[in-house]
Amino acid sequence: MTITFIDPHGKPVTASAEAGDSLLRVGQAAGLPLEGTCEGQMACSTCHVIVAADWFDRLPPASEEEEDMLDFAAGARRTSRLSCQIELTGEIDGLTVRVPSESNDLRRM
């Protein structure tokens with residue numbers, strides 16, 4: 001399947017993914033600044049992405065815990081999600097998400 005990330009500078013980055021992958025791991029493998037400090041444990045918001053509006057309602061809804069963590073995400077929007085909580089399935093082949101311009105990956109400094 002194919003996922004399109006829009007990087008913090010507005011450039012599209014297309015990545016290949018397998019069903020069962022997490023959006024966070026796919027984005028990191030594509031070189032995007034998605035830190036994922038807590039490694040998917042929902043203890044941070046460093047993997048925050050903004051899902052394209054036409055895709056947002058196709059995803060399973062965020063849990064209450066994820067919604068709480070999104071309160072701390074820089075640049076959060078109505079269609080914000082934590083990429084660590086999005087498991088990729090065939091139904092979302094072609095998903096488009098934007099990495100906010102506020103994103104920093106301290107692993108790369």
Side-chain angles (χ1 to χ4, degrees):
M1 78 181 59
T2 301
I3 306 298
T4 300
F5 294 88
I6 307 301
D7 79 5
H9 306 289
K11 177 185 169 199
V13 176
T14 302
S16 295
E18 299 290 325
D21 282 345
S22 83
L23 187 61
L24 171 61
R25 285 192 287 271
V26 172
Q28 288 174 331
L32 293 153
L34 295 170
E35 190 172 336
T37 303
C38 72
E39 299 179 357
Q41 301 302 308
M42 279 195 295
C44 72
S45 61
T46 61
C47 69
H48 166 231
V49 295
I50 301 168
V51 178
D54 57 329
W55 281 101
F56 186 73
D57 290 331
R58 298 189 214 181
L59 298 175
S63 67
E64 186 175 329
E65 293 86 2
E66 181 179 355
E67 292 284 351
D68 289 345
M69 286 312 309
L70 285 166
D71 289 341
F72 298 106
R77 308 278 191 280
R78 185 188 69 78
T79 61
S80 289
R81 293 292 304 269
L82 298 178
S83 61
C84 68
Q85 297 302 303
I86 299 175
E87 182 178 327
L88 301 177
T89 65
E91 291 79 34
I92 57 174
D93 182 21
L95 175 67
T96 299
V97 299
R98 184 168 60 85
V99 179
S101 59
E102 297 89 355
S103 292
N104 293 307
D105 187 349
L106 298 178
R107 298 172 306 143
R108 298 178 188 264
M109 299 189 118

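- Separation of atoms CG (Leu23) and CD (Gln28) is listed at 10.0 Å; rounding is to 0.5 Å.
- Checking side-chain atoms of Thr46 against main-chain N and O of Thr37 turns up a donor-acceptor pair under 3.5 Å.
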>> Test side chain to side chain contact (heavy atoms under 4.5 Å, CB included) on Val51 and Leu95; report intermediate values, then the result.
In response: CA-CA 8 Å; Val51 178; Leu95 175 67; 4.1 Å; yes
> Can Thr4 and Val13 be said to form a side chain to side chain contact (heavy atoms under 4.5 Å, CB included), step by step?
Replying inline: CA-CA 6 Å; Thr4 300; Val13 176; over 6 Å; no
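- In summary, Arg81 and Glu66 engage in a salt bridge, as defined by a charged side-chain N under 4.0 Å from a carboxylate O.
- Of all non-hydrogen atoms in Leu34 and His48, the two that sit nearest each other are CD2-O, 3.8 Å.
- For the atom pair OG of Ser16 and CG of Asp21, the computed distance is 10.0 Å after rounding to the nearest 0.5 Å.
- Clustering of Ile, Leu, Val, Met, Phe, Trp and Tyr side chains at separations under 4.5 Å leaves Ile50 isolated, with no partner residue.
- Transitive grouping of hydrophobic side chains (ILVMFWY, heavy atoms separated by less than 4.5 Å) brings Ile3 and Trp55 into a common cluster.
- Taking all atoms of both residues into account, the shortest heavy-atom contact from Ala15 to Ala30 is CB-CB, 4.1 Å.
- Between the CE atom of Met69 and the OG atom of Ser80 there is a distance of 13.0 Å, given to the nearest 0.5 Å.
- Separating the CG atom in Leu24 from the CG atom in Leu82 is a distance of 9.5 Å, to the nearest 0.5 Å.
- Considering only heavy atoms from C-beta on, Pro100 stays 4.5 Å or farther from Pro8 through its side chain.
- Clustering ILVMFWY residues whenever any of their side-chain heavy atoms sit less than 4.5 angstrom apart, transitively, puts Leu70 in the very cluster that holds Phe72.
- The two atoms that bring Gly36 and Cys44 nearest to each other are C-SG, 4.5 Å, heavy atoms only.
- Here Met42 contributes atom CE and Cys47 contributes atom SG; the two are 10.0 Å apart, rounded to the nearest 0.5 Å.
- Across all their heavy atoms, Val26 and Ala17 have their closest contact at CG2-CB, 3.7 Å.
- Looking at every heavy atom in both residues, Leu32 comes nearest to Phe5 through CD1-CG, 3.1 Å.
- Considering all non-hydrogen atoms of both residues, Thr2 and Thr14 come closest at CG2-CG2, 3.2 Å.
- Here OG of Ser83 is found 9.5 Å from CG of Leu88. Values are rounded to the nearest 0.5 Å.
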